[in-house]
Amino acid sequence: MIADSLLIAAALSAAIYCIVLSRKLTRFSSHSDGIGQEIKALADQVQVLNQTLEKTLHDVDSSSESLARNLEKGEAAKKSLELLLASLHDLPKESPDKDLAEPVFARRAQSLPSHAKRG
């Protein structure tokens, strides 16, 4: 009788232990699905970020090439302007022409009225 009661107690404790393990396993599997979905979502986000990064790097490369070309054009224009400015300094300083310094007024030759003509 003691052996039977110990056997029943052991069976009940094993049953309770199995129920507890079953609940833990059910919770773990539901968390595993949730964790799996989260991992998949994060992997998708990483892929999108990698694509965005590649596009940004491509845009930066093209922008830097464009900037380099514009910088070279600017340097060439700067040199050209410096040469033009230097050539202006090399011109002799001339005094302004006296005829051009004063305004010139000229009258048009008008036909005189017939009574004002001298004959």
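The shown structure was predicted, so the numbers you read here are calculated from the model rather than taken from an experiment. No hydrogens, no waters, no symmetry mates; every other heavy atom, side chains included, goes into these values. Numbering of residues begins at 1 and proceeds along the displayed sequence.
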Taking transitive links into account, so neighbours of neighbours count too, which hydrophobic residues share a cluster with Tyr17 at under 4.5 Å side-chain distance?
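Its cluster partners, ordered by chain and number, are Leu21.
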Atom [atom1] in [X], atom [atom2] in [Y]: separation rounded to 0.5 Å?
{"X": "Leu49", "Y": "Leu42", "atom1": "CG", "atom2": "CG", "value": "10.5 Å"}
{"X": "Cys18", "Y": "Arg23", "atom1": "SG", "atom2": "CZ", "value": "12.5 Å"}
{"X": "Leu71", "Y": "Lys78", "atom1": "CG", "atom2": "NZ", "value": "10.0 Å"}

With heavy-atom distances below 4.5 Å as the criterion, would you say the side chains of Asn50 and Val46 are in contact?
yes
Is there side-chain contact between Gln45 and Val48, with heavy atoms separated by less than 4.5 Å?
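Of all side-chain heavy-atom pairs linking Val48 with Gln45, none is under 4.5 Å.
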Can a donor-acceptor pair be found, under 3.5 Å and without considering hydrogens, that links the side chain of [X] to the backbone of [Y]?
{"X": "Ser13", "Y": "Ala9", "value": "yes"}
{"X": "Ser63", "Y": "Asp59", "value": "yes"}
{"X": "Thr56", "Y": "Thr52", "value": "yes"}

side-chain contact (heavy atoms from CB on, under 4.5 Å), that's the test. Do Leu57 and Leu53 meet it? Break it down for me.
CA-CA 6 Å; Leu57 289 175; Leu53 179 63; 4.2 Å; yes
